[in-house]
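Structure, as structure tokens:
Predicted, not measured: the structure shown is a model, and the values here were computed from it. A note on names: the letters A, B, ... follow the listed sequences, proteins ahead of strands, and every chain is numbered from 1.
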2 protein chains.
Amino acid sequence: MENLIEIVKGSGAKLTSPRKKVLEKLYHSELPLTLKEIHNECKDIDFASVYRTIKLFNEIGLVDEITFADKKIRYELVSNLHNHHIICSNCGEIEKVPICFVSEIKKITKYKITKHTLEFMGLCPNCQN
Amino acid sequence: MENLIEIVKGSGAKLTSPRKKVLEKLYHSELPLTLKEIHNECKDIDFASVYRTIKLFNEIGLVDEITFADKKIRYELVSNLHNHHIICSNCGEIEKVPICFVSEIKKITKYKITKHTLEFMGLCPNCQN
DNA sequence: CTGGTTGCAAACTCTTTGCAATCCT
DNA sequence: AGGATTGCAAAGAGTTTGCAACCAG
């Protein structure tokens with residue numbers, strides 16, 4: 001957490017109380033969060049500020065954007081273990097998939113890859129019946 | 001193309017002229033298209049109709065939804081060869097990635113996978129200088 | 001004919017921005 | 001102090017829906 005704060009300060013941005021609060025929510029969340037979810041957890045912060053905070057964090061390389069199959073954009077700390085996910089199309093439960101194939105792709109393309117998404121949707125064990 | 005038309009009819013939906021036109025655009029497109037792009041190519045069709053047509057096609061399993069790293073949702077015929085893509089963050093050029101790892105994932109999760117996304121963003125060879 | 005479909009308009013939802021007041025450093 | 005940041009309000013953009021007119025089967 002301390003090093004995250006350093007990253008914010010190091011970028012030249014001020015460490016304000018809204019930013020600290022958003023950072024903490026991300027830090028304590030097991031799963032990536034939507035802007036709405038972050039805002040719900042910090043109702044005293046204006047939505048626009050959450051929006052701009054996440055935008056800043058994204059620009060300074062602190063958070064990543066993830067688009068799940070439900071089309072909602074979620075955010076997670078880059079420093080959190082890099083993970084992909086499966087979301088249940090029925091109940092919305094999200095499970096991590098501890099696997100990633102970026103390195104394979106890098107071998108077969110001339111692009112310099114900077115971002116990627118690898119997300120799944122399906123039915124979780126509970127919803128298959 | 002004929003079999004696509006059969007799929008539409010077979011679903012119980014009427015084969016109207018807007019639907020035929022949208023189907024053709026998808027059929028002749030090398031790459032997945034956004035609703036806006038489809039609508040631009042068929043300006044005589046109302047946007048809402050394009051929207052509902054694609055929604056229908058998606059529901060009857062004719063088209064797939066793809067979310068690229070640019071956050072735009074694109075659509076492509078399921079019958080087109082299943083492909084993933086890289087989009088250049090600078091010029092927007094899109095390249096196909098002829099590779100997919102769904103089967104690997106199926107081995108390590110109890111979810112019944114119905115959809116997945118695997119998309120990349122980076123700099124194309126031209127934009128790396 | 002007649003229910004499904006379209007076009008139009010409007011409602012929603014989500015994202016983004018301008019600006020005056022306020023807060024870090 | 002002074003520029004960065006916030007909250008509020010509103011503008012934009014994208015998505016979705018109701019409804020009367022229209023069309024394929």
Side-chain angles (χ1 to χ4, degrees), chain A residues 2 4-26 32-60 62-75 87 89 92, chain B residues 2 4-26 32-60 62-75 87 92 117:
Chain A
E2 264 314 308
L4 298 177
I5 291 179
E6 285 317 308
I7 295 176
V8 176
K9 287 183 180 169
S11 78
K14 288 180 182 169
L15 184 70
T16 61
S17 124
R19 285 175 181 168
K20 211 183 302 179
K21 219 176 251 183
V22 169
L23 196 51
E24 268 162 16
K25 292 301 172 194
L26 290 170
L33 301 171
T34 62
L35 288 181
K36 205 192 264 184
E37 284 164 352
I38 297 170
H39 180 228
N40 272 340
E41 301 254 326
C42 316
K43 292 223 185 55
D44 50 326
I45 305 174
D46 189 73
F47 182 87
S49 300
V50 173
Y51 167 79
R52 282 183 280 219
T53 296
I54 291 295
K55 196 178 170 205
L56 168 72
F57 287 178
N58 182 245
E59 282 162 2
I60 66 178
L62 208 52
V63 313
D64 258 357
E65 244 172 22
I66 303 178
T67 307
F68 282 13
D70 66 356
K71 294 188 247 174
K72 290 185 186 148
I73 301 170
R74 291 176 170 79
Y75 300 88
I87 182 169
S89 51
Chain B
E2 264 315 308
L4 299 177
I5 291 179
E6 284 317 309
I7 296 176
V8 176
K9 287 183 179 168
S11 78
K14 289 181 181 169
L15 184 69
T16 61
S17 122
R19 285 175 182 169
K20 211 182 301 178
K21 219 175 251 183
V22 170
L23 196 50
E24 268 162 17
K25 292 300 172 194
L26 291 170
L33 301 170
T34 62
L35 288 181
K36 206 193 261 184
E37 284 164 351
I38 298 170
H39 181 229
N40 273 339
E41 301 253 327
C42 317
K43 292 223 185 54
D44 50 327
I45 305 174
D46 190 73
F47 182 87
S49 301
V50 173
Y51 167 80
R52 283 183 279 219
T53 295
I54 291 294
K55 197 178 170 206
L56 168 73
F57 286 179
N58 182 245
E59 281 162 3
I60 66 179
L62 209 52
V63 312
D64 259 357
E65 243 172 25
I66 304 178
T67 307
F68 281 14
D70 65 358
K71 293 189 247 175
K72 290 184 186 149
I73 301 170
R74 291 176 171 78
Y75 300 88
I87 182 169
T117 66

One should read off an interatomic distance between B:Ile45 CD1 and B:Thr53 OG1, to the nearest 0.5 angstrom, of 7.0 Å
d(B:Leu56 CG, B:Ser11 OG) to nearest 0.5 Å is 5.5 Å
Quiz item: Does A:Leu26 reach the side chain of A:Ile38, with side-chain heavy atoms less than 4.5 Å apart?
Solution: yes
Its 5'-most and 3'-most nucleotides having an atom under 4.0 Å from a non-hydrogen atom of chain B, DNA chain C is contacted over C:dG3 to C:dC8
Across all chains, not counting sequence neighbours, the side-chain hydrogen bond (donor to acceptor under 3.5 Å, both in side chains) partners of A:Glu41 are none
What residues 13-24 of chain A contributes to the DNA chain C interface at heavy-atom separation below 4.0 Å is A:Lys14, A:Leu15
Here the distance between atom C1' of D:dA4 and atom CZ of A:Arg52, to the nearest Å, is 11 Å
When rounded to whole Å, the CD1 to P distance for the pair B:Ile54 and D:dT15 reads 12 Å
- Report yes if the side chains of B:Val8 and B:Phe57 come closer than 4.5 Å at any heavy-atom pair, otherwise no. yes
Rounded to whole Å, CD1 of A:Ile60 lies from C1' of D:dT5 at a distance of 14 Å
One should read off an interatomic distance between B:Ile7 CD1 and B:Leu62 CG, to the nearest 0.5 angstrom, of 5.0 Å
The residue, B:Lys71 or B:Gly12, whose nearest nucleotide of DNA chain C is more 5′ is B:Gly12
The residue, A:Leu56 or B:Ala48, whose nearest nucleotide of DNA chain D is more 5′ is A:Leu56
Are the side chain of A:His39 and the backbone N or O of A:Asp46 linked by a donor-acceptor pair below 3.5 Å?
no
With five pairs defining each end axis, the helix from C:dC1-D:dG25 to C:dT25-D:dA1 comes out bent, to 10°, by 40°
- Query: Tell me, do B:Lys72 and B:Lys36 make a side-chain contact under 4.5 Å, heavy atoms counted?
  - Reply: no
A:Glu59 atom CD is separated from D:dT5 atom P, nearest whole Å, by 11 Å
Under-3.5 Å N/O pairs linking protein and nucleotides 11-14 of chain D:
residue: D:dG14; atom: OP1; partner: B:Lys36; partner atom: NZ; Å: 3.1

Taken to the nearest 0.5 Å, the spacing of A:Arg19 CZ from A:Arg52 CZ works out to 10.0 Å
query = How about B:Arg74 and B:Thr34: do any of their side-chain heavy atoms sit closer than 4.5 Å?
reply = yes
When rounded to whole Å, the CG to C1' distance for the pair B:Asp46 and D:dC19 reads 13 Å
Those residues at least two apart in sequence (or on a different chain) that pass ring pair (Phe, Tyr, Trp, His ring centres under 6.0 Å) with B:Tyr51 are none
The test is side-chain contact (heavy atoms from CB on, under 4.5 Å); show your working for B:Lys25 and B:Glu37 and say whether it passes. CA-CA 10 Å; B:Lys25 292 300 172 194; B:Glu37 284 164 351; over 6 Å; no
note: A:Tyr51, atom OH; D:dT5, atom P; distance rounded to Å ~ 15 Å
Rounded to the nearest 0.5 Å, the CD1 atom of A:Ile73 sits from the CG atom of A:Leu33 at a distance of 14.0 Å
